[in-house]
Protein chains: 2
Amino acid sequence: MASTEKDKGNRRVTIREVAEDAGVSVAAVSKVLRDAYGVSDTLRAKVRQSMDALGYRPLAAARGMRGQTYTIGLVLPDIRNPFFSDIMTGVNNALERTQYRALIGISQSSATGEMAIVEAMIDRQMDGIILIGATEDRANLDAIAARKPLVAVGHHEPDITTFDTVNNNDQQGGQLVVRQMVAAGYKRIAMIGLKSTTSTILAEREIGYRRGMIEAGLGSAINIVQESQTLRDVQITARRMLQAPNRPDAIFCWTDFIALEVISVATELGLRIPEDVGIAGYDNTVYCDFAQNGLSSIDQSGELLGLQATRLLIERIQGRSQAEHFVVPPRLVIRRSTSPG
Amino acid sequence: MASTEKDKGNRRVTIREVAEDAGVSVAAVSKVLRDAYGVSDTLRAKVRQSMDALGYRPLAAARGMRGQTYTIGLVLPDIRNPFFSDIMTGVNNALERTQYRALIGISQSSATGEMAIVEAMIDRQMDGIILIGATEDRANLDAIAARKPLVAVGHHEPDITTFDTVNNNDQQGGQLVVRQMVAAGYKRIAMIGLKSTTSTILAEREIGYRRGMIEAGLGSAINIVQESQTLRDVQITARRMLQAPNRPDAIFCWTDFIALEVISVATELGLRIPEDVGIAGYDNTVYCDFAQNGLSSIDQSGELLGLQATRLLIERIQGRSQAEHFVVPPRLVIRRSTSPG
DNA sequence: CAGAAAACGTAGAACGATACACGTAGAACA
DNA sequence: TGTTCTACGTGTATCGTTCTACGTTTTCTG
């Protein structure tokens, strides 16, 4: 009688019961919960004890009606890239001693993409949003930022004032790769980018690549191929590039996953790495280090990016309204794939 | 004046405004929202139109106070394994035409682990939870299931009645690997498992391995090494195994990531794959297919698992209370790493 | 055609927390 | 002594939905 079919188990302890148990007002308990002004140490202790004794946990939905939910949303384009795992680690480290929790949404797999998952997060009263590798245009990002604190990771827009950004210096990253390739003796250095008009990090890496080529006097050899990210397309593109009459002797891939696939294609074509063709990636994901890959790559300190993004977001939630733009320097990790001789 | 510092932008449209605009009661709008009984087509149309015109979106926090939040929680042990991406795709496909949204929590990175993230999800009034690769014991799982609909993916407990499970047949998977290795001529087949007392899928795979060995008359060569999942430990273990006097001529790794690392170590030791040592993994992640890896692996149809888990969960949310246990057959994908000669 | 049942719609009380407006006690100051 | 602060607590309206209870209209049935 007391519990219907849908009523799973014992009811939750409410703030009212805590208040009663501690012999104080509901408002006092709420204050303790929020670390708000106006509670003495003795009262706090009493309340805390009652909370523990009763096993009280605040209900986020109810909190959200008036205040915060202490939840931040992390939007990832997909889950496949292990680089995002590093970011996530940083986020969770930053959240360690706070009341906040991070929940992840995947934009790629969702029907209408990034905007849909962001709207869903706003509907769920998240306190702020970290957008990773944003594909939305400025207008949409502004629309989000107008409603919730927003931090974009992997999105260059240094003059924006409505939200914060956290990046590595992708331009410098691209340049570092080319410099090392040149130093290793490669000349016909190509780049594989992404068919995308919205990725600012890609644009930056391309600029870096161009700069590197030009400063090495290889301006005439600049060769950027843009392809979608599906395995099939990458294979076709890589094959075409590597079978061309004047094929590149090195390829800088905008992300590791592509680079690993290019290694695969090159191997199948009987080309030796790094002697016949040098290959480098970006993100320094865990797979780079495997002996069978030995992939040179740019490390952009994902954990630090995640940590910093979270800090900035919480600052925003707590009231900061001036934009901040954080940039870490990239670091090239040289491995076998670009070390001939 | 109208908006304070924390009041980001324009206020949301509420159900009340929709009701007013449509000239009906608030309750009627709510009924339309929930596809509840007792609304005529004309009323529904009127309300829908007003909702569109005003750009109304229901606030999950408010819904959660009385009813559902239309949110399901997906708990992953970590984000690094691309296999989880397949599951996620299945989940999102299943959610396609529903009001539900999936949000992901990562248990590994969180301080107190799985239980903490599940509690956080319950605090946030999620309607149900999908737990992937559960590490909690039965008592804890029961405690969760007592409060919210629960589906465990990658957790064998076929006699449990309080929640549903979705699995591939891990025992059969292990057996398939051994059979193929035996057929390929390997004899001293070892297995690398995980240092864990709670993973039932691991236990099943081990049983499959044993079965396979015994049925091939190799019972005396059974050799299971259990190691943690950190890169460093795997390296050390792999090195030790491959440098032992009577080293295995094939290694079945409980998951692809370990297998790739073992390939790496073997390569560095100058062992040829598959001639000197055969290697197989589990999950058939995207990296298996790369030419430089060519890793044989078990495909357990992650997408199907995710789809099915979601369906079962929604059934549970809608009232089913009898347990269901879904199992897909595994499929061995043979590649170079176990194909000598 | 009466009566019952089904369909449609409404009003208003929850849900569990927060936040605002206030009250009170004691200290500090003139 | 009276006034003004400050620190600490309390009472209660409120957030945006859902849900229960209950009227009213329409449709069905014998």
Side-chain angles (χ1 to χ4, degrees), chain A residues 4-8 11-47 50-51 54-71 99 122-125 127 317 319, chain B residues 4-8 10-47 50-51 54-71 99 122-125 127 317:
Chain A
T4 72
E5 192 174 17
K6 293 197 84 178
D7 176 9
K8 312 281 286 190
R11 282 188 7 78
R12 282 182 85 95
V13 177
T14 71
I15 198 175
R16 217 169 305 274
E17 300 170 46
V18 174
E20 198 168 345
D21 184 273
V24 297
S25 74
V26 169
V29 179
S30 175
K31 280 189 179 180
V32 171
L33 234 44
R34 291 173 288 130
D35 290 314
Y37 170 84
V39 271
S40 62
D41 287 351
T42 51
L43 185 138
R44 197 197 324 280
K46 247 193 318 189
V47 171
S50 290
M51 294 197 318
L54 300 176
Y56 168 77
R57 297 183 63 95
L59 190 69
R63 308 183 94 172
M65 294 288 296
R66 300 283 296 176
Q68 307 184 34
T69 56
Y70 298 94
T71 311
Q99 288 197 66
I122 294 178
D123 292 344
R124 281 156 186 79
Q125 291 285 85
D127 298 333
I317 292 172
Chain B
T4 72
E5 192 174 17
K6 294 195 81 177
D7 176 10
K8 311 282 287 190
N10 24 23
R11 283 187 5 78
R12 282 182 85 96
V13 178
T14 72
I15 198 174
R16 215 171 306 276
E17 300 171 46
V18 174
E20 197 169 347
D21 184 272
V24 298
S25 75
V26 168
V29 179
S30 175
K31 280 188 179 179
V32 171
L33 234 45
R34 292 173 288 128
D35 290 315
Y37 170 85
V39 270
S40 62
D41 286 351
T42 52
L43 185 137
R44 195 196 326 280
K46 247 193 317 190
V47 171
S50 291
M51 294 195 321
L54 300 176
Y56 168 76
R57 296 182 64 95
L59 190 69
R63 309 183 92 171
M65 294 288 293
R66 298 286 294 175
Q68 307 184 35
T69 56
Y70 298 93
T71 311
Q99 288 196 65
I122 294 178
D123 292 344
R124 282 156 185 78
Q125 291 284 85
D127 299 333
I317 292 173

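Below, chain A is the first sequence line, B the second, and so on; all start at residue 1.
What separates CE of Met65(B) from P of dA13(C) is a distance of 16 Å, to the nearest Å. dC15(C) atom P lies 19 Å from atom CG of Asp123(B), rounded to whole Å.
Partners of Arg16(A) according to the side-chain hydrogen bond (donor to acceptor under 3.5 Å, both in side chains) rule, which considers only residues two or more places apart in sequence or in another chain, do not exist here. Residues forming a ring-ring contact (aromatic ring centres under 6.0 Å, His included) with Tyr56(B) (at least two apart in sequence, or on another chain): none. Lys46(A) pairs by the side-chain contact (heavy atoms from CB on, under 4.5 Å) definition with Val24(A), not counting sequence neighbours. Under the side-chain hydrogen bond (donor to acceptor under 3.5 Å, both in side chains) criterion, Ser40(B) pairs with Thr42(B), sequence neighbours left out. With sequence neighbours excluded, no residue forms a side-chain hydrogen bond (donor to acceptor under 3.5 Å, both in side chains) with Glu20(A). For the side-chain contact (heavy atoms from CB on, under 4.5 Å) test, no residue two or more places apart in sequence or in another chain qualifies with Arg66(B). Remark: Arg57(B) pairs with Glu119(A), Asp123(A), Arg12(B) by the side-chain contact (heavy atoms from CB on, under 4.5 Å) rule, at least two apart or across chains. Here Arg44(A) pairs with Asp41(A) under the salt bridge (Lys or Arg N to Asp or Glu O under 4.0 Å) rule; sequence neighbours left out. The side-chain contact (heavy atoms from CB on, under 4.5 Å) test applied to Thr71(A) returns Thr69(A), Leu103(A), Met126(A), Arg124(B), not counting sequence neighbours.
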Pick out the pairs of N or O atoms, protein on one side and nucleotides 18-24 of chain C on the other, that lie under 3.5 Å.
{"residue": "dT18(C)", "atom": "OP1", "partner": "Arg63(A)", "partner atom": "NE", "Å": "3.0"}
{"residue": "dT18(C)", "atom": "OP1", "partner": "Arg63(A)", "partner atom": "NH2", "Å": "3.3"}
{"residue": "dT18(C)", "atom": "OP2", "partner": "Ser30(A)", "partner atom": "OG", "Å": "2.6"}
{"residue": "dT18(C)", "atom": "O2", "partner": "Arg66(A)", "partner atom": "NE", "Å": "3.0"}
{"residue": "dA19(C)", "atom": "OP2", "partner": "Arg34(A)", "partner atom": "NH1", "Å": "2.8"}
{"residue": "dA19(C)", "atom": "O4'", "partner": "Arg66(A)", "partner atom": "NH2", "Å": "3.4"}

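Contact annotation: Tyr37(B) does not reach the phosphate of dC8(C) (side-chain N/O to OP1 or OP2, under 4.0 Å).
At least one donor-acceptor pair closer than 3.5 Å links the side chain of Arg34(B) to the backbone N or O of Ser30(B).
The nucleotide range of DNA chain D contacted by chain B, defined by atoms under 4.0 angstrom from heavy atoms of the protein and reported 5' to 3', is dG16(D) to dC19(D).
Mapping Val13(A) and Gly23(B) onto DNA chain C by nearest heavy atom places Gly23(B) at the nucleotide closer to the 5' end.
As judged by a 4.0 angstrom heavy-atom cut-off over every strand, Arg44(B) is placed among residues making no nucleic acid contact.
Defining each end axis of the helix from dC1(C)-dG30(D) to dA30(C)-dT1(D) as the rotation carrying four pairs' C1' atoms onto the next four, with five pairs an end, the two axes are found to diverge by 30° to 10 degrees.
Met65(B) has its side chain within reach of Met65(A): a pair of non-hydrogen atoms, C-beta onward, lies under 4.5 Å apart.
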